[in-house]
Structure formats: structure tokens, C-alpha cells
Amino acid sequence: MLVLGEVQTAMLMHAEAASPPLAEQVLALVCGERVRTSHRPIGYAASPETYTGVDCPIPLRSGGTLRGVGTLAGRGTLTGGRVLQGSVTARITRSPDGRRRPWSHYLSHPGVVETIGRVDPAGIAEAHLLTEPASSTLEMGAVCRRLLVRVQQSPHLNQKSPFVAHRTTLRWAAETGTGPDDERVRFTVEDDGVRTLRLVIGAAEACDVIAVCEDVALHDWLLTVLLATVERSRIGAGEPAGVVDRLRPAVDHILHLWMPAARLNRDVMGVWERLERRPGLSRQWDNEVRRVRDQIATAAVLLNLRRAGEGGVATLDGSR
Amino acid sequence: MLVFAVSDKGGTGRSITSCNIVYRRALAGHDACYVDFDFGSPTAGSIFQITGAGRGVVEGGLHSYFGAGNAIVEEPRRINVWSESARGSLRRRPPGAGRLTLIPGDRDGAEFPPDPDALDRCVRLFLRLEEEFELCLVDLSAGRSYATQLVLQATATPALRNVVSRWLVFHRWTRQHIPAAAGLAFGRDGIVDVGVRTGHDERRLRDAIRFVRTAVVDPGSSDLAGLRAAQIAWLLDCHQDLLELAARHRVGRSALLGSVPLDPVLQWREQLLSDDDVFARDVANRETIAAFDDLARKLTDPVVWESP
């Protein structure tokens, strides 16, 4: 089975982390359908699935295109009341008789896009990951953006972010059903917040594959935001109090959200295990978190010494 | 924060000053973005010295986003100035600096007529920029334009009502420009008048407007030491007259954000002033950069934005 997807991750535009009831209100994107929520080990809410009909050319690695007809499945999710994701996916299958069928057929297979013509899974997957940042296969990026803007402009939110954070886009392609020796996981970080994830894994349900890709996108975003905050804090160059002030948004809103593979099925845990070996997202995260805490501890010590110095006790650099 | 830059007349130095404010903000570590809503003349690319985008981008700019280009796009193009500027001193992001992004118009784009879809697109664009940038400066064309009306409508919608919006009215320090700037802000079909009609609260909107004086000759400056005593006395008289005129038009000190001195580099070559231009090459004046820094800082200083 070939599944393509795109996940865009952003900061929810609300001054405080959204409470579970608020999360349910802002994610109620389909009238009359329930928002799924869970509270352990981390607050999580997912909107009902939305479907978008498509009849578009799917680019191939060879440079040609293939006609794809069906529906994209999309949803918005909110983790920790703070991290908002728009996620759009398509399961790609070949139309059995090679003909365009009436819409009623496609509507009875939500989230499936049938190709009219022969499917080359690897070729479609590679072309999907290589598309220009401004465009995307089957206009998945546009559907993601629409999902996000619907949530961000919700009247239940106050549209005041605690700090600004760049959005990231994860494009992913997964082929399932391969033997254990052929399993592959490739994660790349491109310019302008674009990341790609290519999975070739064993038997797994589409919903579990989607969940692991959303989880990778979430944690990559957290890491990206933390790295940007640390870089701007001017550690070593600015006044300690100023450095801590610039690090504070990360401490207040980001550090407690790191929880890789919190809700994943066993079939896809192997993906995280491989990512932790290389590139080692948790290793980098832990390192940066230690750096943030060391800065805060150092600033506290310096402040105490300065106060003591004002009382006449010698300070670190020997001045009074 | 959304900041809208307007001027009643052309040639006030609105765009060049705005670009420099955005640049100083980015240097200070903030993510800053310049949005070229001067639809009739989208030339901000030349100030940032972006190769191939001096008069706007070939496709995918703001005109295309608003359906006035060759093909409609879902998102307008973003240009990362730190990596795409042709100017060496701009091409490396200094350590600790924020993102510096230009959202350009389309080449040979023109003003376009009102369109019901444009308002929705404008709201989505501003919300997205507010999410990703600490400062988003929107440069509007001179005079009363459709673009000004569009952004007033957009900022009055519920989705943007809580977002901080501020207005900078640029004017030269002359007898002709002072009443013109006041008229644009408070006169008939001016910002407040149109704003109230689109649903803004009059008091709040008035409090969100400040004036920026450009190309100001300071009669007390040491640069004028070579002038004759009679000339200096005459300059002082003129300056006094203008101060009184400004106060009469409610464009006086309490509504002033700051002044930019007359600088030959800005007059002859509209460009970003880097520290290099002042300290290494010694072509620009230190006071000009200080004025830009001051404006950039005051944009977010709560004391400055208290009710006058």
C-alpha cells in the first residue's frame, strides 16, 4: 500500500494553552461529528475527518504525470493545547478497470485516490517528496493551510500567540507490506521549514502510519522552535538576565511537550527507534534542554553573587 | 503586530524608511516581514536589492494572490532577504538576528478594483503573518487607495480584531505636507473616517495612529555650522512656524513617533543603511541609523502608544 501525506505544524494563536473543552470547540470542523480527545500521557484532540474531492495529475519521478481521482482525508489536531497540526493524506490505489468512475464510487472510499494507469509506488513517492516548496502533490498543502486557518481564526481563540514560531511542513510517503530486511526510514531537513520523511515498512494500518508521521512532524517542529529560540537568545554574548528572558517562552510553552511515540501502535514503533538512532532527535532535544536549564541556573547564581557583591562580598570576577 | 505605513503624497520616503525599520528590527533579533501593498508600484525589491525582483516578481506575488496576476496562487511568494539579496553585507544573517522576509508584488502589477474574495484573502494573509512574524509592516500606496480601504476592512473582522494594528503616517516637514498628512489621518475619507465606516472603534483607531517626519533639517545641527547667521535665523523661524502648524493640525509632539533627518544617501540612492555605510564607508550619517533604530524600538514601546 502507498500512502502520501503532508503535515503542517504551527503554534495555536491563543494566549494560554487551550483547555480540553476549548480544544473540542476549535476542532469541531464538521457539524454534528465528535472531536476525539485523550488526556494521557499528554492532552490530545483530533478533529473529525474532512474530505476533499480531487481529480488532478499526480507527478511521477520520470517527469510525466498520472491522473488521480478520489478524496483526500484531512484533519486538524492539537497537542498539549498548544501545537496545532493540519494533516492531509491519500491512499493511492490503481483503478481496477482503468476508467474514471462516477463520484458516488469515490465518495464510498474516503481517503483513497485511484490512479488511472499503472502505479509505480516508488516513483510517485519520490516525486511527492521532491516537489517545490510552493506546490504539492494533489494540492495537499493548500488543504492543510485551509484546515489550519479555519482553526486559527476561530472565534473561540483570542488570536494572541505567546511568541511567534515558524511553521514547518512535513511531506511524507510510506510504502507498507515490505519484508523486514527491506525496511527503510529516511528523514531530511530542507530549507524554509520543509522536511521529508520516506518510509518503507512492514505490515501496518494506514491510520498507524499517519499517526507516526504526524508524531515526527510534531517533534521536529518542537525541536526547530527550541533551536531557533536558543539561537536568538544570544547565549554568551548578551547579559544573563536578557538571555534568560529570551529563553523563557520556550520554558513556559514548549519544554514539557516532548513525548515521542506517546500514542503509537507497536507496528510503527520501529520508525521512531530508527529515527532516534539517526539523526537522534531526542538526543539533540535533551542536549538543548540541558543548555537552557544551565543558562537559567547560571543566571540565578550570577544574580545572587551580584546581590551579595552589593552587600560587600567579593563576586566571581573579584570586583566588589 | 501589524503596522501599516501610509503617506498622503508620494516621495515622502515612506517605503525606504519602512524597509529600514524592518531591517533594524530583524537585526535586533525579531522575525520581521515587509509586505508590499503598494500595488501600483511594487518596487520594494529594489530597496532590499533582490536580483530579478526589483520591480516585483515575475509570478506568484501579491497581485497573483489577490487574483490580479496571471495565475491565482494560494500563498504569495516569500523572499528571504538574508539569502536572496544581491548586496554582500545583507546576504549573511548576522548571529542572533531574526528572519527578514519580503513579500513582493508582481512585476508590472497595477492597482486592482475591489473584489469580495480579496477581503477573505487579506484576512487569511495577515493572520498567517501574525502567527509567524513579530513585526509585519504593510507598505500602502500614497494617498487614499483601495489597498488602505481593504486593510481597514480586514482589521475590523473578528479574526483580526484582537491583533495589534498600528498606523504610521509619513510626511515631509513642509507647509504643504503637514496639513496633507493630517487630512489623510483625520480628514474626510481618511483613515479614521473609512475605519469607522468599516466597523472600527473611533477612539481606538485614533490612538493607533502616529506620524513620522522625514527628510527633516534640524536647525540646531552642527552640519549647518557653515551657514550665515541670517540663514540660521530664517531656518529657526521656519521650523517654529512648522511646529505651530503641526500642533494646529493635531500632528504635533503627542502624535509623533519620530523624525528621520535629511541624509544624502537616502535621497540619491534608496537603500537599506547598514552599519557598514556609517562606520566603515562613512557615507551615511550616524544620526540617520539612530533615527531608524529609535523608530523600530518605539513601534513596540507601550509608553509611546498610550492615549495622547
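Sequence lines set the chain letters: A, B, ... in the order given, protein chains first and strands last, and positions in each chain run from 1.
- For B/Val73, no part lies near chain A; criterion is any non-hydrogen pair under 4.5 Å.
- Contact between B/Glu74 and A/Ala142 at its shortest, heavy atoms only, is CG-CB, 3.8 Å.
- With rounding to the nearest 0.5 Å, the separation of OG in A/Ser135 from CD in B/Glu75 is 12.0 Å.
- In terms of heavy atoms, A/Gln159 sits closest to B/Asn162 at OE1-ND2, 4.0 Å.
- Within 6.0 Å of atom CD in B/Glu59, 12 or fewer heavy atoms from other residues, nucleotides or ligands are found, so the atom counts as exposed in its surroundings.
- The contact between A/Met13 and chain B is made entirely by side chain atoms (from C-beta outward), counting heavy-atom distances below 4.5 Å.
- When A/Arg167, A/Lys160, A/Arg145 are each tested for a salt bridge (charged side-chain N to carboxylate O under 4.0 Å, His left out) with B/Glu131, only one passes: A/Arg167.
- Most heavy-atom pairs under 4.5 Å with chain B: of the set A/Leu148, A/Asn158, A/Asp191, this distinction falls to A/Asn158.
- For the set B/Arg99, B/Arg124, B/Glu134, B/Glu130, the entry with the most heavy-atom pairs within less than 4.5 Å of chain A is B/Arg99.
- Residue B/Arg286 qualifies as open at atom CZ: its count of foreign heavy atoms under 6.0 Å is 12 or below.
- Scanning all heavy atoms of the two residues, the minimum distance from A/Gln153 to B/Leu127 falls at CB-CD2, 3.5 Å.
- At least one side-chain heavy atom of B/Asp31 sits less than 4.5 Å from a side-chain heavy atom of A/Arg232.
- A salt bridge links B/Arg93 with A/Glu231; the closest basic N to acidic carboxylate O contact falls under 4.0 Å.
- Heavy atoms of A/Ala10 lying under 4.5 Å from chain B belong to its backbone as well as its side chain.
- Of the charged side-chain nitrogens involved, none lies within less than 4.0 Å of a carboxylate oxygen, so that B/Arg78 and A/Asp192 do not count as a salt-bridged pair.
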